[in-house]
Asker: 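One structure, pasted below without further comment.
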Amino acid sequence: MSKPRVSNGSVNSPTHLDLQGSETTCWTDDLPVCHHSGVGFSTNQIYREDGNRREEHDFEDKNFHFSQDDVCLYGVFDGHDSSRASNFAAQRMPAELLLGQLAGKTTDEEIKEVLYQAFIAVEKSFFESIDEQLITRTTLQLQLPEGISYHEACTQYPDIINQLHTLDAEICGGTTATVVLIYRDKLYVANVGDTRALMVRTDEGGIMSVSQLTVDHTIDAEAEQGRLSTLGLDVEKLYQSKKIGTSDCTRCIGDFHTKGGYKDIDILSPAVREPVIAEPYVSGGFPVDSSSSFLLMMSDGLYHALQDATETATVNTDVAQMVAKEFNEQTTLNGVAQACVDKVVRIHHDSFMTGTPNVKALCHKRGDITLMVRNFNYFLPNSIGTPTGGVRMLPTAVPYGRPAVPPSITIPDSSSSFVNDSSQDEASTPVASDVSPLRSPSDSSFLDTNREQTRDSQASTSTYSTTNSTQSSEETRFRSRFYKREKLELDEDGRIEAYVDFTDFYRAIEAMTDSQRETLNNETKPKSGYETITEEPTTATSPTSSSQPLPGTSTADN
C-alpha cells in the first residue's frame, strides 16, 4: 500500500473500536449531529425509453455531519464496487479526528498533518479489516498450478474458482472521500477522488462568489497525468479508457484489486509502484467569517448529471445558484439540499427523454447523488424555529391613497445572528399548528380573510415533491371552503375602514427632510433574494503538494 509519512500511519489512532458492525448501527450514531447542515440524496438510475427507471446497484454514498464542542466535522464518501469501503471510512474517519488527535494542535500545518494522517490510517485499517479474506484468497491461489489460464482453471478447478469469486466480492471496492474540519473558526479540507467541496462567499457589496476547495483526482487532471507518467504508465491509453482499474479516480481509500493487484491489470502492470494512492490533497485554514455564506459538499453524481444534461461549463456556479435560490423557498437545510438534488435529477431525466441522440447517450444513466449544505451566514427566510420564536410576517392592509414614500418596516439586522440562529436548527423546527402564534380573538376575521391569499402565494413557489421535502405547507392543510370572505365596503373617499391608525406615520413622513425621504425610499425598495454568483478565477495547482492556495485559486471548474 501507499507508504505513510509516519510508521504507524496515524496520530494517536484508537486501537479498540468496533467499526465493523451493521451499517444501520455504529458508534458514530452517538455523536452530536450538526443542525446547521442538511443533506439531500438520490440513488443511481438507469433510464428506459418508456420513462421508467431502475437502480443499477445499491446506494454506495455515505456521509456524516457532526458538531462537538468547538469542532465541526463533515464528510462525503462515494463508494464504487460496493459500499463496504465508503461505510468503513464514514465510521472510521471521525475516530481518527475526534478522539483527541487535535489536542494541542494550534498551527495550520499541525492540523493539516492530522487530516493527512487520518486518511492514511483509515486505509490501513480498512485493509487490516479484510486480512482474513486476503489470507484465504492467497491460500486458494496457491492450490492452482502455476501458469494455468483462467479458462482452464474454471474447467479443472471450479470449486476453487467459485470460492475465489466469493472472496473477491467481499474485498473489492473503494471510495472517494472529502472531509471538512472547522476548528477554531478556521476551515480545513482534505480529499481523495472527485467528491467536491465548494465555498460560497458574499463580499461587502453583496456580490457572491464560489470557489472549489478540493482537487479532482481523475485521469483528466494534468497533475495526476504527470504523476502516473513518472510511474511508467501510458497516460494516453489511460485517458482514452477513462478508467484506472474499475474506477475513474486516481486516488481513493481501499480498492485492493487496483492497488495490491495492479500487476495483474495489463494497462497498470508497467507501473514501478502503486498508481492509485490514498494520499489526500489537504488545504486550509481558511477563515470562517462574516463573508462566509455556505459550504457545499457533493459526490460526483450531482455535478456530472448536471454537466451531461446541460453541457454547462460552469457547473460549480450553477449548483451554487440553485442552492441560493432554494434558501429563499425552503424551510430547513435538508429541504434546501433535497430540493436541489431533485431539480438536478429532473433535469437529467428530462434531457434523456427529450434530448438529442448525443445527449441521450450521455444521460442514459447517472450515479448516486449526495449534496450536503452547511450554512454559515445565508438567510433562510422561511425557517420556523420555535412556536414562540419563529415569527411569521402576515399581510398588512394599507389604506388607499398612500403617500409617495412607502411605509418603512424595521427588520433587525440578521447578519450578526445567522450562524447561531436557532431557526436554522432543524431539530427544533416544529410541525405547523392549526393556530398561528400571532392569532388572537380580535384578529380572527382578518386572518381568515387573508389565509387563502397566503396559501395561493405559497403554492406558486412549490418545488418537486419528495418524501424529504420540507417546503412550508401549513396553509395548504386547510381548504378554502372552511373560511368565509367578508365583503369589503369602501367609504366615500374610496378607502376601506382602517384597522390601524396611520396618523402618526403620515405625520412622521411629513416631518422628514428631502434627504431623509430619499434614504427611506432607497432602504424600502424591493430587493432581489437571488444574487448573481460569479466563480473566482482559478490557477492550476499540483494535488501532490501539501502547500495550500488561497480559497478560489486552487481549482478550476470542470
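Quantities reported herein were computed from a predicted structural model and do not represent experimental measurements.
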Asker: Would you say the side-chain atoms of Q338 pair up with the backbone N or O of F41, donor to acceptor, closer than 3.5 Å?
Answerer: yes

Asker: Please identify each residue that fulfils side-chain hydrogen bond (donor to acceptor under 3.5 Å, both in side chains) with E60, with sequence neighbours left out.
Answerer: none

Asker: Does a side-chain heavy-atom distance below 4.5 Å link C340 with V344?
Answerer: no

Asker: Nearest 0.5 Å, please: how far is CG in N328 from CZ in F379?
Answerer: 9.5 Å

Asker: Check whether any side-chain heavy atom of C72 lies under 4.5 Å from a side-chain heavy atom of R374, and answer yes or no.
Answerer: yes

Asker: Only counting residues at least two apart or in another chain, list the ones meeting side-chain contact (heavy atoms from CB on, under 4.5 Å) with D289.
Answerer: R201, P287, S291, S292

Asker: With side chains defined as the heavy atoms from C-beta onward, is the minimum distance between S299 and D368 less than 4.5 Å?
Answerer: no

Asker: Heavy-atom count around E311 CD within 6.0 Å, excluding the residue itself: above 12?
Answerer: no

Asker: Which value, rounded to the nearest 0.5 Å, describes the distance between I207 atom CD1 and T202 atom OG1?
Answerer: 9.0 Å

Asker: Could you list all the salt bridge (charged side-chain N to carboxylate O under 4.0 Å, His left out) pairs where at least one residue sits in residues 353-364, not counting sequence neighbours?
Answerer: E49-K360

Asker: Donor-acceptor pair, distance only, cut-off 3.5 Å: does the side chain of D58 make one with the backbone of S82?
Answerer: no

Asker: Counting distance only, does the side-chain N/O of T178 pair as donor-acceptor with the main-chain N or O of V76 below 3.5 Å?
Answerer: no

Asker: Do you see a donor-acceptor pair shorter than 3.5 Å between the side chains of Q330 and T332?
Answerer: no

Asker: Is the terminal nitrogen or CZ of R196 (NZ for Lys, CZ for Arg) located under 6.0 angstrom from the six-membered ring centre of Y303 and within 45° of that ring's axis?
Answerer: yes

Asker: By the salt bridge (charged side-chain N to carboxylate O under 4.0 Å, His left out) test, which pairs, at least two apart or in different chains, include something from residues 172-188?
Answerer: D108-K186

Asker: Walk me through it: do M372 and Y74 pass the test side-chain contact (heavy atoms from CB on, under 4.5 Å)?
Answerer: CA-CA 9 Å; M372 184 181 297; Y74 311 91; 3.9 Å; yes

Asker: Determine the minimum heavy-atom distance between A190 and P280, stating which atoms define it.
Answerer: CB-CB, 4.3 Å

Asker: For a side-chain contact (heavy atoms from CB on, under 4.5 Å) check, start with the C-alpha distance between I347 and M322, then their side-chain angles and the critical distance, and finish with the verdict.
Answerer: CA-CA 12 Å; I347 291 172; M322 283 187 185; 3.8 Å; yes

Asker: Nearest 0.5 angstrom please: Q101 CD to I111 CD1, how far?
Answerer: 13.0 Å

Asker: Give a yes or no answer on whether the side chain of S37 reaches the backbone of C34 with a donor-acceptor pair at less than 3.5 Å.
Answerer: yes

Asker: Is any side-chain heavy atom of V210 less than 4.5 Å from a side-chain heavy atom of L296?
Answerer: no

Asker: Return the orientation label for the F77 and F64 ring planes: parallel under 30°, perpendicular over 60°, tilted otherwise.
Answerer: tilted

Asker: What's the shortest heavy-atom distance between A337 and V373, and which atoms?
Answerer: CB-CG2, 3.9 Å

Asker: Let's go through L187 and L213 carefully: what are the C-alpha distance in whole Å and the side-chain angles of both, what is the deciding distance for side-chain contact (heavy atoms from CB on, under 4.5 Å) to 0.1 Å, and is it a yes or a no?
Answerer: CA-CA 10 Å; L187 185 147; L213 305 181; 3.7 Å; yes

Asker: With sequence neighbours left out, what residues match H57 under side-chain hydrogen bond (donor to acceptor under 3.5 Å, both in side chains)?
Answerer: N44

Asker: Please lay out, stage by stage, how Y281 and H217 fare under the test side-chain contact (heavy atoms from CB on, under 4.5 Å).
Answerer: CA-CA 9 Å; Y281 172 85; H217 297 130; 3.9 Å; yes

Asker: Side chains of V71 and D69: closer than 4.5 Å at any heavy-atom pair?
Answerer: no

Asker: For the backbone of G51 and the side chain of H349, can you confirm whether one donor and one acceptor N or O come within less than 3.5 Å of each other?
Answerer: yes

Asker: Working to the nearest 0.5 Å, report the span between NZ of K365 and CD of E56.
Answerer: 4.0 Å

Asker: Would you say S83's side chain and S86's backbone share a donor-acceptor pair under 3.5 angstrom?
Answerer: no

Asker: Do the side chains of F119 and V179 get nearer than 4.5 Å, heavy atoms only?
Answerer: yes

Asker: Distance check, rounded to the nearest 0.5 Å: T195 atom OG1 versus L302 atom CG?
Answerer: 12.0 Å

Asker: Could you tell me which residues satisfy ring-ring contact (aromatic ring centres under 6.0 Å, His included) with F327, sequence neighbours excluded, listed by chain and number?
Answerer: F294, Y378

Asker: Just by modelled atom types, is the E55 backbone N or O under 3.5 Å from a matching donor or acceptor in the Q45 side chain?
Answerer: no

Asker: Which pair of heavy atoms, one from E326 and one from V336, lies closest together, and at what distance?
Answerer: O-CG2, 3.8 Å

Asker: State, to 0.1 Å, how close P94 and L31 come at their nearest heavy-atom pair, and which atoms those are.
Answerer: CB-CD1, 4.1 Å

Asker: Is any side-chain heavy atom of V323 closer than 4.5 Å to a side-chain heavy atom of V200?
Answerer: no

Asker: Say you draw a straight line from CG of L181 to CG of L97; how long is it, rounded to the nearest 0.5 Å?
Answerer: 6.5 Å

Asker: Side chains of T218 and D194: any donor to acceptor distance under 3.5 Å?
Answerer: no

Asker: May I ask you to check whether T370 and N63 show a side-chain donor-acceptor distance below 3.5 Å?
Answerer: no

Asker: For F352 and Y47, take the angle between the two ring planes, folded into 0 to 90°, and tell me which bin it lands in: parallel under 30, tilted 30 to 60, perpendicular over 60.
Answerer: tilted

Asker: Is the shortest heavy-atom distance from the side chain of D61 to the side chain of I369 under 4.5 Å?
Answerer: no

Asker: Pairing donors with acceptors under 3.5 angstrom, does anything connect the side chains of H80 and D248?
Answerer: no

Asker: Taking all non-hydrogen atoms of both residues, which atom of V189 and which atom of A197 are closest, and how far apart?
Answerer: CG2-CB, 4.2 Å

Asker: Looking at every heavy atom in both T214 and Q212, which two are closest together, and how far apart are they?
Answerer: O-NE2, 3.2 Å

